[in-house]
Amino acid sequence: MSRFMDSFTQTLPQVRVRFGAGIRHELGAEIEALGARRALILSTPPQADLAQELSDLIGGLSAGAYAGARMHTPVDVSEQATAHARDIGADCVVAVGGGSTTGLGKAIAWRTDLPQIVVPTTYAGSEATPILGQTEGGRKTTLSDRRVQPEVILYDPELVATLPAAMTVTSALNAMAHAAEGLYARDRGPLTTMMALEGLTAFRDALPAVVRDPADLRARGETLYGAWLCGTVLGTVGMALHHKLCHTLGGSFDLPHAETHAIVLPHAIAYNDRAVPDQLAPLSELFGGPSPGAALHRFAAGLGAPTALRELGLKESDLDRAVEIATQNPYWNPRPLEPAALRALLQRAWEGAEPEA
Ligand code: NAD
């Protein structure tokens with residue numbers, strides 16, 4: 001059945017995307033195609049060797065490696081890195097890493113309008129969005145801007161092959177959350193629904209293979225394909241309750257990003273299933289379960305994902321405040337935010353129980 005909708009509005013990003021094992025070797029050609037000659041290569045400190053490898057690979061097109069990216073894109077780090085990019089006369093930034101490194105590249109591009117190339121090494125999906133989240137004085141703010149959208153993405157499965165198994169699974173569930181919430185987004189369209197379902201299918205098929213053999217490059221490539229599609233959904237439509245809960249738990253209780261997404265997703269989906277069962281029904285079919293929430297929970301648990309917020313160090317006594325914060329300035333959601341039902345949702349997620357039927 002076609003996914004045609006009677007009425008929709010969709011603005012899709014213009015991005016050049018290349019896939020393939022070893023595609024990072026095309027980095028120099030991509031820099032030249034942008035008309036650039038001095039690329040600043042960004043990474044986190046643990047991935048400094050990889051940034052240096054890319055810098056060596058492009059030889060004279062490199063303006064050096066800068067391994068200063070940090071979690072949550074702190075504004076002071078972004079300002080230092082932007083000053084460095086200006087000082088050395090960089091005319092393009094290359095981010096090699098996960099969402100934290102991509103975030104630093106976006107923060108520089110937002111301040112300078114330099115073109116960006118991203119070489120992702122996780123499944124977070126930030127490379128496919130015009131969204132920049134930044135932190136300053138303990139507060140996280142998010143903006144969406146044309147300058148922030150990366151121009152080129154190079155998906156090289158060899159670079160995710162090093163992602164440890166636990167992070168592989170949580171990072172994939174983080175990506176899948178973008179697609180799952182895209183299924184009921186108010187501003188969804190036929191293409192975002194197609195991308196969401198195709199992205200979820202790619203993870204369903206390839207993730208178990210990657211967990212069995214982390215060096216399986218074909219399966220790694222398919223998971224990156226899923227990350228691209230899920231990230232594009234995130235960049236194209238609005239997110240709802242699940243992302244709000246994760247931002248609350250990450251921002252106010254300092255819980256780790258991907259793990260929090262992995263635990264909360266089945267519960268947020270079960271909550272919204274009451275309001276939009278038709279839109280979520282494909283999840284039960286794809287993952288095989290009596291309901292979309294249970295199907296996702298079993299898929300995640302079967303791959304060894306964490307299932308309880310208490311395992312991440314959240315205290316049971318924090319749950320009331322989490323509900324309070326999550327219901328302030330709420331995102332649009334298909335089911336009204338009912339504090340008592342949300343408190344019950346968080347209790348189950350805290351304990352690691354199956355989502356509400
Ligand atoms: P991350 O980028 O913080 O990486 C976590 C750690 O894993 C880092 O130390 C990193 O160096 C290491 N790492 C990354 N890839 C590796 C690999 N292949 N092998 C070994 N180690 C590796 O984690 P993340 O989950 O990718 O990104 C999370 C951040 O991205 C959050 O701040 C989140 O808010 C942001 N994000 C933003 C968007 C957006 O659209 N703006 C989308 C998704 C996520």
Side-chain angles (χ1 to χ4, degrees), residues 13 15 24 42-51 53-54 65-75 77-78 95-107 109-110 116 118-135 139-145 147-150 153 155-179 181-182 199 210 214-215 217 220 223-224 227-239 242-244 246-251 254-262:
V15 189
R24 66 185 179 285
L42 307 169
S43 74
T44 55
Q47 290 184 298
D49 289 350
L50 181 57
E53 182 199 316
L54 292 195
Y66 186 93
R70 292 230 316 268
M71 274 270 267
H72 308 309
T73 326
V75 166
V77 171
S78 302
V96 57
S100 297
T101 307
T102 306
L104 179 60
K106 288 174 157 187
W110 184 59
Q116 305 168 66
V118 184
V119 188
T121 67
T122 72
Y123 306 123
S126 177
E127 66 279 0
T129 84
I131 305 162
L132 169 62
Q134 313 189 87
T135 51
R139 264 194 69 230
K140 181 163 181 168
T141 53
T142 304
L143 61 88
S144 181
D145 190 280
R147 282 171 294 178
V148 167
Q149 176 88 46
I153 313 172
Y155 284 109
D156 188 334
E158 289 174 4
L159 299 183
V160 265
T162 56
L163 203 57
M167 221 185 132
T168 293
V169 172
T170 52
S171 185
L173 288 161
N174 176 196
M176 290 164 59
H178 312 327
E181 288 227 291
V210 161
L217 288 184
R220 282 287 185 186
T223 51
L224 278 177
W228 171 47
L229 293 166
C230 295
T232 304
V233 173
L234 171 70
T236 311
V237 302
M239 294 288 117
H242 168 76
H243 281 73
K244 180 68 185 185
C246 292
H247 290 168
T248 300
L249 294 168
D254 214 22
L255 297 197
H257 180 82
E259 289 88 337
T260 306
H261 272 272

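Everything numeric here is computed off the predicted structure, so don't read it as measured data. Indexing begins at 1, ligand by ligand and atom by atom, following the structure's order. What you see below is based on every heavy atom in this structure, not just the backbone, and it leaves out hydrogens, waters and symmetry mates.
For atom 4 (O) of ligand 1, the candidate residues are His247, His261, Gln149, Met167; the nearest heavy-atom contact is made by Met167. Comparing Ala95, Ala124, Ala227, Ser144 against atom 43 (C) of ligand 1, the shortest heavy-atom distance belongs to Ala124. Across the listed options Thr101, Thr162, Leu104, Thr162 owns the non-hydrogen atom lying nearest to atom 19 (N) of ligand 1. When Ser126, Pro45, Ala69, Cys246 are checked for heavy-atom proximity to atom 38 (C) of ligand 1, Ser126 turns out nearest. The residue among Glu259, Gln134, Glu158, His72 with a heavy atom at the shortest distance from atom 32 (O) of ligand 1 is His72.
Side chain to side chain, His257 and His72 fail the donor-acceptor criterion of an N or O pair below 3.5 Å. Looking only at atom types and distance, the side chain of Lys106 has a donor-acceptor partner in the side chain of Thr129 under 3.5 Å away.
At a 4.0 Å heavy-atom cut-off, ligand 1 touches Leu163 through backbone and side chain alike.
Residue contacts with ligand 1: Gly99 is placed with a nitrogen or oxygen under 3.5 Å of a nitrogen or oxygen of the ligand (distance criterion only). Of the N or O atoms in Lys140, one or more lie within a sub-3.5 Å distance of an N or O in ligand 1.
Ion pairing between a basic and an acidic side chain is recognised when a charged N comes within 4.0 Å of a carboxylate O; Arg220 and Glu158 show no such pairing.
Residue contacts with ligand 1 leave out Gly103, since none of its heavy atoms falls under 4.0 Å from the ligand.
Counting the atoms of ligand 1 from 1 in the order shown, those under 4.0 Å from a heavy atom of Leu159 are 18 (N).
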